[in-house]
Each structure stands twice: as C-alpha cells, then as structure tokens.
Amino acid sequence: MKAVLDVLRAAVADYCAAESIEFDPAAIQIEPPRDPKFGDFATNCVLQIASRAKRKPRDVAGAVVERVLRATDGQGSVIAKAEIAGPGFINFTIDPRVWIRALEAVDREGEQYGWSRAERPERVQIEFVSANPTGPLHVGHGRNAVVGDVCARLLEMTGHTVEREFYVNDAGKQIMTLGASVVARMREARGEAGTFPEDGYPGQYVKEIAARLVAEGVLPSDEPAAVRAIALRAADVLKAVQKKDLDDLNVRFDVWFSETPLHEGGAVAATIDDMTARGHIYDADGARWFRSTAFGDEKDRVVVRSNGEKTYFAADMAYHRNKFVERGFARVMNVWGADHHGYIPRMKAIVSALGKPADALEIVLVQFVNLTGGRMGKRTGNMVTLREVIDEVGRDAARFFFLLRSYNTTLEFDLDLAKRESSDNPVYYVQYGHARIASLIAKAAEKGFSPPHFDAHFADVLSLPEEVSIAKKLQEFPEVVRTAAALREPHRIPFYLMDIVGAFHAYYTKYKHDEKVVSDDREKTNARLFLLNVLRHVLANGLAVVGVAAPEKM
RNA sequence: GCGCCCGUAGCUCAGCUGGAUAGAGCGUCGGACUUCGAAUCCGCAGGUCGGGUGUUCGACUCACCCCGGGCGCGCCA
C-alpha cells in the first residue's frame, strides 16, 4: 500500500512540476474502492488536481498513469496494473501475492492482532448504565451497558487506559420514595393499616424486599432516618441484583461511585463555593443559580432551591468536578439513554466552568429498544427487564443484538430471531464460522496436519480469488477497530465479522468438492490451514472485543 | 413553539465522516449435501436514498426549508 502511494506521489509531483501546477503530493490518498472490480486501490487525486488547474481530468490522469507505468516497468514492482476509470479515477491492481505475504504479520501478532498504540494515549473514564438503585435493570440499560462496555474495550484495544464506572444515585428523593414504598409493603406484610405512596415503586420486588426485612424483625417507621435506613437496605439489595444482571451480560465495572459521600463529605457544598468564587453562581428569587447560559445552555440552572435543598444538578456538578479535577481524567465519557439529551448543554457548561474544554466530556446517546417476538409481544424496552431477555436469548445473542445497530438509531430487537439457531441469526452465523474452522483444523489433525506458521511460499499456493479476498479482509481488521474506537461506533465490529465470516462460508462451500482444505496435496493443505487458522484468530479477536464467546463446537 | 435522533428494497439495517452502476440480511420464488460441519451456499425479483432548493467537477453523505416518526424542554431525580 505504501509502495503504491510512493509511486503515485512521485508521478504526481513530476507531472505537476512539468505543468507548473501547485499541488502537495502529501495530500494524495489511496483507498480501497467500493467495488473490488476496480482493483485494490483507487485515488481521486486527479479530480482534485484537474479542478484546481482547470484541466480535463482524463488528460491529467493519462499523464500520471503514463509516469506510474514508466516507474513500474521494471521487475519487482507490486503494481500489476494502473488504469484510468470513470470520470478520472486511477485504479491500481497489485500483485495478489502481496496480500498473502502480508498475512505474516497477522500470524505473528496472533491474539494481539488488532491491538494498536494510540498516537496520543489518554486516560479515559467511561460512565455507563448508572441506573437508579430503585428497581431491576430494563432492556434499555442492557443496550447502554453493552455499548459502554464495548466502547471501553475498543479504547483499551487502541492504546488508551480506561476506567469503567457506575454512578449510584443513592442520595436523592427517589431513594426516599423507595424507602417509603418498602415501609408501606412492610406494613401490608404485617397486616397493618397504611397507604401505598402515590409515586411509589409498584414492582413485585419491593414486596419481596419488604418481606425479607419483616422476617429479619425490622420495624416499619415513618421517621425520616428510619425510612432512609430501610431505603439503603433495599438499595443494596437492588444494586446486587443489577450487578448480577450485568455480570451475566459480561459487563463489569472498576468503580461503583456512590452519590451519598459527595453530599456527606461536603464535596457538593465545596463545589458550589468554588463555582461561586469563580463567578459562575448567583442568587435570585431565593435560590442559587448556575450561570450555564454563559456556556451556551438555553437557561440557567438551579443548584440550591429556595427551600435550601441542593438539586440533583448540584450533585452532578460535584461529581464531574471529582472526575476532572480530583481524579484528573483528561477525557470523560457518559453513556446515556436518548431521553437525557436535553442535559448535554448544562453538563458541558459544568466542564467549561471548571476550565476544561467542553469536548473533554463526551456524551454517547443510546436510542431506545423495541422488543418484538418471544413471549413479550411488541413492547418498548423499559417495560421489560434485562433479566428476562438474558434468560430468554442468552448472553451472546443479547450482546450481539445490542451492537447490531448504530446506537443513534432505535433498535428493533427480535427475540424470536435472537433465539433461532440458524444462519438467520447473525450471532450464530459468526460463531458457526469459528466453530466450523475449529472443526476443520481438528479434522486435519486426525490426518497429521497442524496449522503452520507463515511461510513465504504460501503466496504461490493460495491463489484462488476467494483466498486472496479473505486475506485482504483480514488486513482490514485493525483499521476497523481503530475506526470503531475513534468514532465510538461499536456496531462496526459485528458488521465486519459478518462480512468476513460470510466470505469464509462461501469459499468453503464453493470448493468443498474440488479444492478441499484438507487434501492429499501437502502444500495446499498446509497453506490453507494457515489461512484458516489466521482467520480463526481474527474471528476470535473480533468476538472478544464484543465480549461474545468463540466456540470450538456448537 | 424550540432542541436532539431517525427516515435508504415488502421488513430490519449498512454505506468507511463528498466519489464510480446505492449494498447486506430477512421475507418471496428457484436451486445445491454418497465427500473437511446444510447452524451452510448459489441464483431470480425488488430503489424518485421522505420531498425540495442550494454548495460542488461529483451529494445517500454537507447547508437551508418543508413532511413524517421517536424523545426532550421543572426551584423533579
């Protein structure tokens, strides 16, 4: 690829010098064309030069191609063909053996293939899920969890240091509402009179927790301190349930950050003082306001209400000061449900007020999930618990399906499809590809073959177009990972896996009679085992990034 | 009313941050196992890329305006 680029740049530089056109050869890029029939690489640089110099594109292209061909006339060039196409593209076809030779690195890097070093490594904190400890997780949290988790894995894979955090809102009014709900259910369980709070949590789980507390001899009470103590007991139980759900989804956190200490330790008050000293907070109408409009928000936000209570937003301010200042993260990511998008400007305002660039806080907004099929009929995701989905379709299918759409589009989650064990189901399709290769290798072992490491002469043996095509795709993997990480778009990984595994299935079926992988031809058998073994590693690495198993057998 | 996301084949979605004749899968229909895994593969059909202006050599992609769907606009958390 670099060899092609060098030749092209030299040719363009020569042409531009001869025609006295100003153009920086460094700006020239080559990329794989959309359609493989256009060759291995294409460049559109001629179109840019021609439009700037007011020449006809095809004339310019002709002159450049002539120079490229002259430069590659001798032996030893990887460029097999250079031709003009369409409105003025230059397409390059390279010697197919180059793609096979490049597998040397894929083989050598093994489990590390796809990992890379960042140009500027960062210490990134990513906060996700952060569900209130007032109930079980629902499907929306599941999507949030997997998107956040895979973003974290992708960042680690590209050389960043990542800390995963779950923020526990255990200080606000909703925790007292939980407490009041439990107290009411405790009275019911004891056969006492009482009414259930209007805004209470109606779930069955509240009754179960109440029953447990009653059994332990805890007495219901309306004393705020008692209600809070009961609430915290309930929250602990619910937190454990959430943790178990996440664990079963293969999602784990480094830090469970509780809101309460921010209040009790004085961080919220200190943050308000600090912001006041910097002139970002003012008094009006008996309340204290954060001047977020100074940083682009549409209105200022209350941090202390006129009744003296600090708002949830005040705690958020302290929490993000903790992230950026106390803990010194240069980059902070928050994964939120789409319904929170209105909070972005005020959160960015906090960051700006702390003297950090607003870009240092990234918000990933995950759209909603609609469930279809299964036992649930059609329902929106926040009615169905994550637990039900994991139990019904399994961890691997759940994770894969959550990643199957870009997170800024609503996800239609088909439970029937996710359960199906056939190629309709993308997760089985990919896993089956991995298992099928493992099985082939096992079969070969029975005949005394084991997958070899790279050998240069494979380039002469692996000459079927499908083999070259698979080799090419294998080399895209690190770039796919880097792009997915840089754009925070985890869905690119499953799409890549489906693409390359499809190429394998097609290759396998097409040649299963005439050009078998394991045959009497030792050279071909070894070369093909090498190719498939490398492919298996890439599939395993790709499945590992998305946290899905790569089975040997299914 | 204002703001964010979405609108691409009958359905579900990609489209590499401006490139060539817009791609998959599912579904329909028709094919392929005496042989390394048929949990697979091959083929046919299917499109005014929601509509319109503009920028550009070139627009699914960028800008603006409409239309349609989802979500949000508290001294709630």
Side-chain angles (χ1 to χ4, degrees), chain A residues 31-35 37-38 42 44 47-48 50-52 54 56-57 85-89 91 132 134 169 171-177 199 259 284-289 298-299 301-307 309 311-313 315-316 337-345 365 367-368 370 372 380 404-414 417 420-426 428-429 431-433 435-444 446-447 476 479-480 483-484 486-487 489 491-492 495 498-499 502 504-513 516-519 525 528 532 553-554:
Chain A
E31 54 180 15
R34 189 161 298 201
D35 190 328
K37 77 180 177 205
F38 293 123
N44 60 359
L47 292 164
Q48 293 161 351
S51 85
R52 195 165 313 177
K54 305 272 183 238
K56 286 182 184 166
F89 294 95
N91 294 335
N132 289 339
T134 53
N169 297 125
K173 196 173 83 180
Q174 84 283 358
I175 203 80
M176 292 305 279
T177 304
D199 56 350
E259 180 187 351
D285 305 327
R288 309 197 69 190
W289 300 71
E298 59 188 12
K299 59 170 298 211
R301 307 292 168 179
V302 172
V303 289
V304 184
R305 292 194 269 157
S306 49
N307 67 6
E309 277 179 44
T311 60
Y312 179 85
F313 180 69
D316 257 347
D339 52 338
H340 286 76
H341 70 259
Y343 295 77
I344 295 174
L365 282 182
Q367 299 290 325
F368 291 167
N370 286 323
T372 55
T380 54
L404 226 35
R405 303 286 173 259
S406 154
Y407 54 71
N408 51 26
T409 187
T410 45
L411 170 62
E412 299 290 333
F413 194 127
D414 184 337
L417 177 62
R420 208 174 303 160
E421 296 190 357
S422 75
S423 66
D424 307 354
N425 184 343
Y428 281 100
Y429 186 70
Q431 288 182 316
Y432 177 62
R436 206 177 198 187
I437 294 170
S439 160
L440 268 171
I441 290 172
K443 194 86 183 176
E446 289 172 14
K447 300 193 177 179
E476 293 167 12
E479 192 54 41
V480 170
T483 304
L487 301 179
E489 292 183 352
H491 72 277
R492 289 169 186 275
F495 277 93
M498 291 186 284
D499 180 50
F504 161 68
H505 285 309
Y507 163 71
Y508 176 87
T509 307
K510 181 169 177 185
Y511 295 108
K512 64 194 292 188
H513 299 293
K516 296 171 66 155
V517 173
V518 182
S519 68
T525 300
R528 285 173 182 159
L532 293 189
K553 282 184 183 164
M554 294 174 67

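Letters A, B, ... are given to chains in the order of the sequence lines, protein chains preceding strands, and every chain is numbered from 1.
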Considering residues at least two apart in sequence or located in another chain, which fulfil the ring pair (Phe, Tyr, Trp, His ring centres under 6.0 Å) criterion with A:F313?
A:F290
Please work out the stems of RNA chain B from pairs that are Watson-Crick or G-U wobble with both distances under 3.5 Å, keeping only runs of three or more consecutive pairs.
B:1-7 with B:67-73, B:10-13 with B:23-26, B:29-32 with B:40-43, B:50-54 with B:62-66
What are the two closest non-hydrogen atoms of A:H505 and A:R436, and how far apart are they?
ND1-NH1, 3.0 Å
I'd like to check the side-chain hydrogen bond (donor to acceptor under 3.5 Å, both in side chains) partners of A:R420; sequence neighbours left out, ordered by chain and number.
A:D424
Between P of B:C4 and CD1 of A:I344, the distance in whole Å:
10 Å
Using a heavy-atom cut-off of 4.0 Å across all strands, would you classify A:N91 as base, sugar-phosphate, or nothing?
base
Here the distance between atom C1' of B:A14 and atom NE2 of A:H491, to the nearest Å, is 7 Å
Given B:G37, B:A20, B:C13, identify the nucleotide with an atom nearest to the side chain of A:F89.
B:A20
With A:T409 via side-chain hydrogen bond (donor to acceptor under 3.5 Å, both in side chains) - residues at least two apart:
none
For a quick test of reading the model: is some side-chain N or O of A:T509 closer than 4.0 Å to OP1 or OP2 of B:C41?
no
Within the 4.0 Å heavy-atom criterion, would you say A:A435 contacts the bases, only the backbone, or no part of the nucleic acid?
base
Using atom CG of A:D424 as one end and atom C1' of B:C41 as the other, report the distance to the nearest whole Å.
14 Å
Rounded to whole Å, please give me the gap between CG in A:D414 and C1' in B:C26.
10 Å
By side-chain hydrogen bond (donor to acceptor under 3.5 Å, both in side chains) - contacts of A:T311 (at least two apart)
none
Looking at every strand, decide which applies to A:R288 at a 4.0 Å heavy-atom threshold: base, sugar-phosphate, or nothing.
nothing
Counting any heavy atom closer than 4.0 Å, what does A:K516 reach on the DNA or RNA strands: base, sugar-phosphate only, or nothing?
base
Indicate for each nucleotide in nucleotides 70-77 of chain B, in 5' to 3' sequence, whether protein heavy atoms under 4.0 Å reach the base (B), only the sugar-phosphate (S), or nothing (-).
-BSS-BBB
Below the 4.0 Å mark, does B:C42 have OP1 or OP2 next to a side-chain nitrogen or oxygen of A:Y511?
no
Any side-chain donor-acceptor pair under 3.5 Å between A:Q367 and A:N408?
no
Determine the contact category for A:H505: base if any of its heavy atoms lies under 4.0 Å from a base atom, sugar-phosphate if only primed atoms, P, OP1 or OP2 are that close, otherwise nothing.
sugar-phosphate
Is A:A315 touching bases, backbone alone, or none of the nucleic acid, heavy atoms closer than 4.0 Å?
nothing
Can a donor-acceptor pair be found between the side chains of A:D316 and A:Y343 at a distance below 3.5 Å?
no
A:E412 CD - B:C13 C1' separation (whole Å)
11 Å
